[in-house]
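Each chain gets a letter, A, B and so on, in the order the sequences are listed, and its residues count up from 1.
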Amino acid sequence: MFQVFKRKKNNNPEPIVELFIDAPVYEQLKKRALVEGISENEELLRALRRGMSDYWLRVAKYEIERYELVEKLFEQSKRDSELLGAIINQNELFHEILKDKAK
Amino acid sequence: MKINWHGISNKKKLGVLQEEQPVEPVNILEARKADDRVHLRLAMSRGFYDELYKFLEQNGLTYWGNDKRVVPLFIQYGLSEESREGLEKSENDLLKVSSRYAAINFQTSEYYAMNQAIAMGLRMHLEENKYLKQKMKANDLASCVSEDEWDKWDENYINELYRKYVFGK
């Protein structure tokens with residue numbers, strides 16, 4: 001009987017999401033909202049939707065940039081490998097020549 | 001139709017039947033600056049929240065709290081002024097190089113492991129090489145000895161190789 005004045009429980013509360021974004025990104029959001037003449041909430045929604053639809057294209061762009069870096073690393077490590085391997089091979093060859101000469 | 005108990009007007013406070021109000025899909029409740037970042041507290045409509053998390057799940061982006069990292073990226077990407085044509089070109093370029101990419105990625109790690117093993121004892125190998133070259137010359141085998149690139153390596157270059165392959169810097 002004492003529950004008559006109990007506040008009704010909200011069974012479907014709005015989900016709360018907490019996150020961090022870089023300060024320049026937030027400034028850009030505010031600026032864009034101002035330019036477009038819409039609220040920050042609307043601009044944020046647009047950004048989220050566009051970001052979701054472009055996500056895999058962005059991943060592709062990142063991978064292409066990484067590919068260029070990996071290609072440079074590949075060329076460099078290949079060249080280093082050839083030189084480092086050549087030192088070991090030359091040492092072995094000289095040991096053999098000197099061994100034959102000593103016989 | 002639903003009873004809105006949390007409204008502002010007296011009618012709402014009295015629990016008068018209200019038409020369902022369209023909720024804004026995203027609502028910035030708080031934007032607090034913390035160093036070079038901004039902490040955002042967002043209220044989302046159930047519909048948009050479900051849409052967002054469905055996308056994250058379908059794309060395998062929810063592992064280990066990855067959503068906290070990816071959602072800010074959506075905002076950043078969405079605000080970018082880069083053209084979609086440019087991004088689509090990257091996708092096409094990636095498709096063209098994907099097999100070579102996989103191959104050189106693997107091969108680079110192979111070279112790296114090999115170079116790491118040799119770089120660990122590089123000074124010793126170079127000393128040995130120098131000694132053997134002298135010994136070859138002393139044994140009238142100078143014709144077999146050539147001037148090699150590593151003969152010109154100074155301490156700085158050797159340290160650089162050591163840092164790169166042994167410490168991975």
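- By the 30° and 60° cut-offs, the orientation of the rings of Tyr55(A) relative to Tyr77(B) is tilted.
- Every residue two or more places apart in sequence or in another chain that forms a ring pair (Phe, Tyr, Trp, His ring centres under 6.0 Å) with Tyr67(A) is listed here: Tyr101(B).
- Chosen from Leu73(B), Asp148(B), Asp67(B), the residue pairing most often with chain A at heavy-atom distances under 4.5 Å is Asp148(B).
- The contact between Lys33(B) and chain A is made entirely by side chain atoms (from C-beta outward), counting heavy-atom distances below 4.5 Å.
- Options Leu29(A), Ile16(A), Val17(A) differ in how many heavy-atom pairs under 4.5 Å they form with chain B, and the most are formed by Val17(A).
- Of the listed residues (Ala23(A), Pro15(A), Ser81(A)), the greatest number of heavy-atom pairs within a distance under 4.5 Å of chain B belongs to Pro15(A).
- Tyr131(B) OH: 12 or fewer foreign heavy atoms inside a 6.0 Å radius.
- Contacts between Ile118(B) and chain A at a heavy-atom distance below 4.5 Å involve the side chain alone, from C-beta outward.
- Asn41(A) places a side-chain N or O within donor-acceptor distance of the main-chain N or O of Ile28(B), the cut-off being under 3.5 Å.
- The part of Glu149(B) that comes within reach of chain A is its side chain, from C-beta onward, which places non-hydrogen atoms under 4.5 angstrom from that chain.
- Within a 6.0 Å radius of NZ in Lys101(A), more than 12 heavy atoms belonging to other residues, nucleotides or ligands are found.
- Once rounded to the nearest 0.5 Å, the distance linking CG of Leu57(A) with NZ of Lys89(B) reads 13.5 Å.
- Looking at Asp80(A), its side chain never comes within 3.5 Å of a backbone N or O of Asn115(B) through a donor-acceptor pair.
- Residue Leu94(B) holds its CG atom at 12.5 Å from OH of Tyr62(A), rounded to the nearest 0.5 Å.
- When heavy atoms are compared at a cutoff of 4.5 Å, Asp36(B) approaches chain A solely by way of its backbone atoms N, CA, C and O.
- Using modelled atom types and a 3.5 Å distance limit, the side chains of Asn129(B) and Gln90(A) yield a donor-acceptor pair.
- No other option in Arg66(A), Glu43(A), Glu42(A), Glu65(A) has as many heavy-atom pairs under 4.5 Å with chain B as Arg66(A).
- By the neighbour-count criterion of 12 heavy atoms within 6.0 Å, atom CD of Glu27(A) is densely surrounded, having more than that number from other residues, nucleotides or ligands.
- Proximity to chain A (any heavy atom under 4.5 Å) is restricted, for Leu29(B), to the side chain, taken from C-beta onward.
- Across all their heavy atoms, Glu71(A) and Ile104(B) have their closest contact at CA-CD1, 3.7 Å.
- Here the side chains of Ser45(B) and Glu14(A) are not in contact, with every heavy-atom distance at 4.5 Å or above.
- Counting heavy atoms from C-beta outward, Gln76(B) and Ile21(A) have side chains that stay 4.5 Å or more apart.
- One distance of note links NZ of Lys61(A) with CG of Asp93(B); it measures 11.5 Å at 0.5 Å rounding.
- Here the closest non-hydrogen pair linking Phe74(A) and Thr108(B) is CB-OG1, 3.2 Å.
- Taking every heavy atom of both residues into account, Ile75(B) and Leu44(A) meet most closely at CD1-CD1, 3.7 Å.
- Among the candidates Leu141(B), Asn59(B), Leu126(B), the residue making the largest number of heavy-atom pairs closer than 4.5 Å to chain A is Asn59(B).
- Transitive grouping of hydrophobic side chains (ILVMFWY, heavy atoms separated by less than 4.5 Å) keeps Met120(B) and Tyr157(B) in distinct clusters.
- The contact between Ser39(A) and chain B is made entirely by side chain atoms (from C-beta outward), counting heavy-atom distances below 4.5 Å.
- When hydrophobic clusters are built by joining Ile, Leu, Val, Met, Phe, Trp and Tyr residues whose side-chain heavy atoms come closer than 4.5 Å, directly or via intermediates, Tyr112(B) is not grouped with Val166(B).
- You'll find the side chain of Leu83(A) reaches within 4.5 Å of the side chain of Trp150(B), heavy atoms only.
- Residues Ser80(B) and Arg50(A) bring no donor and acceptor atom of their side chains to less than 3.5 Å of each other.
- Using a 4.5 Å cut-off between heavy atoms, Phe48(B) contacts chain A through its side chain alone, with no backbone atom that close.
- With a threshold of 4.5 angstrom between heavy atoms, Ile88(A) approaches chain B through side-chain atoms but not through N, CA, C or O.
- A salt bridge does not link Glu18(A) with Lys68(B): none of the charged nitrogens is closer than 4.0 Å to a carboxylate oxygen.
- For a residue to count as touching a neighbouring chain, one of its non-hydrogen atoms must lie under 4.5 Å from one of that chain's; by this rule Lys78(A) touches chain B with backbone and side chain alike.
- Proximity to chain A is absent for every atom of Glu110(B), based on heavy atoms less than 4.5 angstrom apart.
- For Leu122(B), the part lying near chain A is the side chain, with the backbone staying farther off; criterion is any non-hydrogen pair under 4.5 Å.
- Under the 4.5 Å side-chain heavy-atom criterion for ILVMFWY residues, a single connected hydrophobic cluster contains both Phe74(B) and Leu19(A).
- Residues Glu82(B) and Arg58(A) have side chains in contact (heavy-atom distance under 4.5 Å, counting atoms from C-beta outward).
- Across every non-hydrogen atom of Ala60(A) and Glu91(B), the tightest pair is CB-CA, 3.8 Å.
- Only the side chain of Glu75(A) comes within contact range of chain B, judged by heavy atoms closer than 4.5 Å.
- For the pair Glu51(B)/Arg49(A), a side-chain contact is recorded, criterion being any heavy-atom separation below 4.5 Å from C-beta on.
- Both the backbone and the side chain of Ala86(A) come within contact range of chain B, with heavy atoms under 4.5 Å apart.
- If you chain together hydrophobic residues whose side chains sit under 4.5 Å apart, Phe20(A) and Val71(B) never meet in one group.
- The minimum heavy-atom distance linking Gln28(A) with Leu79(B) is given by the pair NE2-O, 3.0 Å.
- Counting heavy-atom pairs under 4.5 Å between each of Val25(A), Val70(A), Ile87(A), Leu73(A) and chain B puts Ile87(A) at the top.
- Criterion: ILVMFWY side-chain heavy atoms under 4.5 Å apart, direct or through other members. Under it, Val26(B) and Phe55(B) are part of a common hydrophobic cluster.
- Chain B forms the most heavy-atom pairs under 4.5 Å with one residue out of Ile97(A), Leu45(A), Asp22(A), and that residue is Leu45(A).
- Shown here for Met136(B) and Phe94(A), the closest heavy-atom pair between the two residues is CE-CD2, 3.6 Å.
- Neither the backbone nor the side chain of Glu30(B) comes within less than 4.5 Å of any heavy atom in chain A.
- Rounding to the nearest 0.5 angstrom, the gap separating the OH atom in Tyr111(B) from the CG atom in Leu84(A) is 12.5 Å.
- Residues of residues 158-165 of chain B that come within less than 4.5 angstrom of chain A, heavy atom to heavy atom, are Leu161(B), Lys164(B), Tyr165(B) in numerical order.
- For Asp100(A), the CG atom is densely surrounded, since the number of other residues' heavy atoms within 6.0 Å is greater than 12.
- Residue Asp54(A) holds its CG atom at 4.5 Å from CZ of Arg84(B), rounded to the nearest 0.5 Å.
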